[in-house]
Amino acid sequence: MLIVQKYGGTSVGSIERIKAVAQRVAACKAEGNQVVVVVSAMSGVTNNLTAMAHELQKEPSPREMDMLLSTGEQTTIALLSMALQSIGCPARSYTGGQVRILTDSAHTKARIQKIDQEHMRQDLDQGKVVVVAGFQGVDEQGNITTLGRGGSDTTAVALAAALKADECQIYTDVDGVYTTDPRVVDNARRLDRITFEEMLEMASLGSKVLQIRSVEFAGKYNVRLRVLSSFEDGPGTLIVSEDESMMENPVISGIAFTRDEAKISVVGVPDVPGMAFKVFGPISDANIEVDVIVQNIGADNTNDITFTVAKKDAAAASRILESVAKEMGARGVEVEDRVAKVSLVGVGMRSHAGIASRMFEALAKESINIQLITTSEIKISVVIEEKYLELAVRALHSAFGLENPPK
Ligand code: ADP
Ligand code: ASP
Ligand code: MG
């Protein structure tokens, strides 16, 4: 079999850990498999490099950021190859550019366009383990690019798709995908399986266990994707298509949450046609992504238009809207960044009524005020005050019976 394994930052966080990864890789190879390994930078390295850049410049050039951040992964591919060689397992390391993982030129958020397989195939055929730097690629002009935070997951899935690997295994510091972040809810339960669609929603709504792009890729190219622990053996979680999921799907599979959003309101907007466009036109022109949108009519016949954006974009969005508000005769702009979004995700929601009311009931019991609500076919999200986030997640986790059965 051809297996692509990816090891995240904590899994390669020290020389000891790198040795342990080498053992795991060598064991997989000894079972007769061809192995391609993708590694992240050692934990903390990408953050440290970013902090150093910001000591020099407030907004460093994206091209130089990519040049800098890609060094983290370059370190670990060399160390892992050495560790493999030292235990008698032939290995060869490659940067993204050396494989030729061709991307567009959107520095710091590049997208993979094409992957050359030639070098990897040659090495695999010669019995070598191929060790590839995650998170990075190269554009047509030869500039180093990176794929966005958490991007090594995407490198691994993209390589698995290109090589038609039998499985792509994401090794991390938890032993699978849980009903919610196990760091927040102690009795969260590991899922044996989750559908691509649910995993995509979980990732998009804040569960950073897999990068969103990697799940998209896996769904599109039908890559068999599994999340496992690099610290202990176990089956992990398999990401499957809905027809493959076999059992009747649970109504709710998981709870995702994020603190990364801020809420912006344009208040006292005259109730005439074209106002929403006046608000969101310039926001979209500034390339700011908008998430939840709510408009409500006030008693005085004006509207409040409220929406959320990523916290990092809140200042820019409110700057833009200050002048827009003046122009259209609105009362003003309010920004609230101590908010959080909690979402219930499950494909079973399609065929079940009453999920929203159970959610609201659970939050009401904890006296948690809901500021915004948004739903789609397989998710319901609410925006609440950030300080209640963990309480809300725990309350919902237990209200929907997601915890481990008592031992
Ligand atoms: P890596 O460095 O291996 O890529 P990440 O930190 O990116 O690891 O992802 C693993 C982390 O994702 C876990 O430590 C866990 O805290 C977090 N996480 C968030 N939501 C979930 C979830 N539903 N299931 C499992 N882990 C989750
Ligand atoms: N090292 C990069 C990051 O910390 C990529 C990754 O770990 O997937 O975001
Ligand atoms: Mg990650």
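Not measured: the values here are computed from a predicted model. Every number for a ligand or one of its atoms is a count from 1 in the order of the listing.
Between Gln169 and the options Arg224, Gln5, Lys6, a side chain to side chain donor-acceptor pair (under 3.5 Å) holds for only Gln5. Among Asp153, Asp181, Asp260, the single residue meeting the salt bridge (charged side-chain N to carboxylate O under 4.0 Å, His left out) criterion with Lys208 is Asp260.
Near ligand 1, heavy-atom contacts under 4.0 Å come from Lys6, Gly8, Gly9, Thr172, Asp173, Val174, Gly176, Val177, Tyr178, Thr180, Asp181, Pro182, Arg183, Met202, Ser207, Lys208, Val209.
Applying the 4.0 Å criterion to heavy atoms of Gly150 picks out, from ligand 2, the atoms 3 (C), 5 (C), 6 (C), 8 (O), 9 (O). Near Ser40, meaning under 4.0 Å from any of its heavy atoms, are these atoms of ligand 2: 6 (C), 7 (O), 8 (O).
Closest approach of Cys168 and Val223 over heavy atoms only: CB-CG1, 3.7 Å. Pairing each heavy atom of Val339 with each of Glu336, the nearest pair is CG1-CG, 3.7 Å.
Taking only nitrogen or oxygen atoms, main chain and side chain alike, Phe135 does not reach within less than 3.5 Å of ligand 2. Considering both main-chain and side-chain atoms, Lys6 never comes within under 3.5 Å of ligand 2 through any nitrogen or oxygen pair.
In this structure, Tyr171 has its ring center no closer than 6.0 Å to that of Phe231.
The part of Glu73 lying near ligand 2 is the side chain, judged by heavy-atom distances below 4.0 Å.
In this structure, Arg226 pairs ionically with Glu167, as a charged nitrogen and a carboxylate oxygen lie closer than 4.0 Å. A salt bridge is defined here as a Lys NZ or Arg NE, NH1 or NH2 lying under 4.0 Å from an Asp or Glu carboxylate O, and Glu261 with Lys312 fails to meet this definition.
Within 6.0 Å of CD in Gln126 there are more than 12 heavy atoms belonging to other residues, nucleotides or ligands. Within a 6.0 Å radius of CZ in Arg350, more than 12 heavy atoms belonging to other residues, nucleotides or ligands are found.
The shortest separation from a heavy atom of Gly9 to ligand 2 is not under 4.0 Å, leaving the residue out of contact.
Of the protein's heavy atoms, Arg149 NE, 2.6 Å lies nearest to atom 9 (O) of ligand 2.
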